[in-house]
Amino acid sequence: MAGSQWWQHGIVYQIYPRSFQDSNGDGIGDLTGIRQRLDYLAWLGIDAIWISPFYPSPMADFGYDIADYCGIDPMFGTLEDFDRLLADVHARGMKLILDFVPNHSSSEHPWFKESRSSRDDPKRDWYIWRDPAPDGEPPNNWLANFGGPAWTFDAATGQYYYHAFLPEQPDLNWRSPQVREAMCDVLRFWLDRGVDGFRVDVIWHLMKDEQFRDNPPNPGWHPGMPSIDRLLQHYSCDRPDIHDVVAQMRAVLDSYPERVLIGEIYLPLERLVAYYGEQLEGAHLPFNFQLIFAAWKAEEIARIVAEYEAALPAGGWPNWVLSNHDQKRIATRVGVAEARIAAMLLLTLRGTPTLYYGSEVGLEDVPIPADRVQDPWEKNEPGLGFGRDPARTPMPWAPGHAAGFTTGTPWLPLNADCQERNVERLKADDRSILCLYRRLIQLRRTEPALDRGAYVHAHVEGDLFAYERRHGDRRLLVGLNFGHNPQTLTLPADAAGGRVLLSTHLDREGAMVAQTVALRPAEGLIVALDG
Ligand code: NOJ
Ligand code: CA
């Protein structure tokens with residue numbers, strides 16, 4: 001089984017559609033824009049594209065508030081545009097993964113409008129309605145992501161509804177069989193159109209405690225942390241019965257050939273791996289976000305990799321993520337030079353890598369002036385650094401107006417260095433981070449040791465982390481210098497020598513290596529071992 005499925009050897013590329021390419025000058029990316037850039041993605045060498053939501057939406061949370069699960073927001077195009085995009089993706093031998101947002105709809109979804117119309121409405125229990133507490137307060141102490149209480153009072157019907165996120169994002173009631181069936185129909189709608197899988201938004205949120213018990217306080221909370229973290233999400237998320245729901249979704253996907261189910265899950269390792277399912281009937285890939293939160297130190301990263309490898313259930317396929325549309329960009333977290341090490345790490349670890357658009361050009365977070373803030377989280381809890389706009393800025397393509405992203409005014413500013421840091425410029429510079437990403441991707445596609453080989457820990461010494469990937473007789477040694485000083489990478493005693501396949505500095509490929517090799521600051525090497 002290892003490595004035989006496309007999503008096991010493939011590389012996933014995440015597109016935030018508002019920011020990839022605008023095709024009609026309104027300053028917002030769209031489906032036709034993505035279609036215009038497919039040749040670039042094919043050149044880069046990725047296998048699958050995941051697109052964040054493009055469904056009809058009032059955009060309270062930029063598309064994660066969906067008013068129609070089976071349509072396209074006019075801002076992004078039409079169903080015909082979607083079909084054209086899908087056909088063109090497939091024509092290039094790539095796959096298309098959609099974002100599925102089952103935990104909540106928009107408050108503008110017809111289901112919610114019906115549900116809130118009266119207590120007797122047949123869809124009342126499609127959402128989570130509760131009576132006020134005796135004092136008129138919310139039914140329990142649960143808090144919302146992005147700030148404030150998780151319950152909003154509906155004066156017309158005298159009850160509160162629950163929303164884990166914004167009041168404009170009411171949670172669906174996954175205990176209702178009709179909800180489950182309606183949402184499985186949504187999956188079938190897109191699967192029948194030919195999509196290759198789904199990334200499921202906040203999949204660990206779907207089931208809530210049946211008794212709606214209060215969440216306990218979080219002893220680790222301090223001011224400066226998001227207000228949601230005042231409480232441990234003990235009763236509002238990750239309930240034991242979630243796994244039946246995941247299995248039900250998986251069964252829908254399994255009734256089609258070769259589809260992939262990816263789950264967005266922010267949980268500690270031992271809880272995360274439960275989402276593979278006891279019999280691997282859960283998510284194919286529960287997103288592994290550990291590198292996002294790791295201190296950027298050799299020892300820490302080595303520990304995370306070892307613990308993850310050890311925690312995976314037999315047959316569970318690993319995956320790694322460095323960044324996404326909710327997190328600070330990798331070049332901002334670790335530094336522009338260190339982002340090259342991060343690229344080599346992501347593309348040489350065992351498991352499916354997911355790349356966030358713009359990482360390949362070394363894009364950093366872009367400071368957003370107060371009058372251009374878009375993200376509701378930043379608006380609700382300002383100035384604390386929670387806002388996600390900085391990591392969602394437009395892709396810089398080429399020198400010129402808005403770096404080729406739009407002919408109009410971009411919805412968010414571009415990176416200040418966009419006239420230099422853009423695809424066209426970096427493509428022409430064969431030592432650029434973009435060329436490094438491309439070489440790493442090519443290598444991963446041609447070296448079975450990298451895409452399916454065993455992971456073997458080698459050593460950690462100070463700022464140096466070294467590991468091997470092995471497939472049959474092929475042994476590749478990866479050495480990463482996380483520090484600012486030179487380090488010495490020592491080849492394993494049983495290797496006669498080696499040859500450099502790739503350096504993050506892109507300047508010593510083909511060099512022969514004897515027992516040791518010097519790594520420059522923030523340099524990574526992939527060495528093919530002899531004998
Ligand atoms: C997780 C998504 O990635 C994030 O962008 C969104 O705001 C929340 N879920 C709510 O859907
Ligand atoms: Ca547009």
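Whatever order the structure lists ligands and atoms in, that order sets their numbers, starting from 1.
The contact set between ligand 1 and Arg392, taken as ligand atoms under 4.0 Å from a residue heavy atom, comprises 5 (O). The distance from ligand 1 to the heavy atoms of Arg388 drops below 4.0 Å at these ligand atoms: 4 (C), 5 (O), 6 (C), 7 (O). Close approach of ligand 1 to His104 is summarised as follows: ligand atoms under 4.0 Å from at least one heavy atom of the residue are 10 (C), 11 (O). Within ligand 1, counting atoms from 1 as listed, the ones closer than 4.0 Å to a heavy atom of Glu264 are 1 (C), 3 (O). Close contacts between ligand 1 and Phe146 involve ligand atoms 7 (O) [criterion: under 4.0 Å to a heavy atom].
With hydrogens left out, the protein atom closest to atom 1 (C) of ligand 1 is Asp201 OD1, 2.9 Å, a heavy atom. Protein heavy atom at the shortest distance from atom 7 (O) of ligand 1 is Asp61 OD2, 2.5 Å. The shortest contact between atom 3 (O) of ligand 1 and any protein heavy atom is with Asp326 OD2, 2.5 Å. Closest to atom 8 (C) of ligand 1 among all protein heavy atoms lies Phe165 CE2, 3.8 Å.
Using a 4.0 Å cut-off between heavy atoms, Gln327 makes no contact with ligand 1 at all. Under 4.0 Å from ligand 1, not a single heavy atom of His163 appears.
Side-chain contact check for Ser176 and Asp125: no donor-acceptor pair (N or O, by modelled atom type) lies under 3.5 Å. In summary, the side chains of Asp154 and Thr157 do present a donor paired with an acceptor at a separation below 3.5 Å, with no hydrogens or angles considered. Side-chain contact annotation: Trp397 with Gln21, donor-acceptor N/O pair under 3.5 Å present. Between the side chains of Gln211 and Tyr235, not a single donor N or O lies within less than 3.5 Å of an accepting N or O. A side-chain N or O of Asp22 and one of Thr406 form a donor-acceptor pair less than 3.5 Å apart.
Within the 4.0 Å heavy-atom shell around ligand 1 one does not find Phe62. Not a single heavy atom of His205 sits under 4.0 Å from any atom of ligand 1.
Two residues are said to be in side-chain contact when any heavy atoms from C-beta on lie closer than 4.5 Å; Gln14 and Ile97 fail this criterion.
Expressed to the nearest 0.5 Å, how far OG1 of Thr393 lies from CG of Asn415 amounts to 6.0 Å. Distance NE2/His104 to CD/Gln169: 4.5 Å, rounded to 0.5 Å.
By the criterion of a separation under 3.0 Å, the protein N/O/S atoms near the Ca ion (ligand 2) amount to Asp22 OD1, Asn24 OD1, Asp26 OD1, Ile28 O, Asp30 OD2.
Classified by interplanar angle (parallel below 30°, tilted 30° to 60°, perpendicular above 60°), the ring pair Trp190/Phe54 is perpendicular. The aromatic rings of Trp111 and Trp126 sit perpendicular, their planes meeting at an angle over 60°, well past the 30° parallel limit.
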Should Tyr308 and Trp320 be marked as a ring pair (Phe, Tyr, Trp, His ring centres under 6.0 Å) after you check the CA-CA gap, both sets of side-chain angles, and the distance that decides it?
-> CA-CA 10 Å; Tyr308 181 62; Trp320 296 96; 4.8 Å; yes
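The residues Arg124 and Asp121 are annotated as not salt-bridged, no charged nitrogen and carboxylate oxygen being separated by less than 4.0 angstrom.
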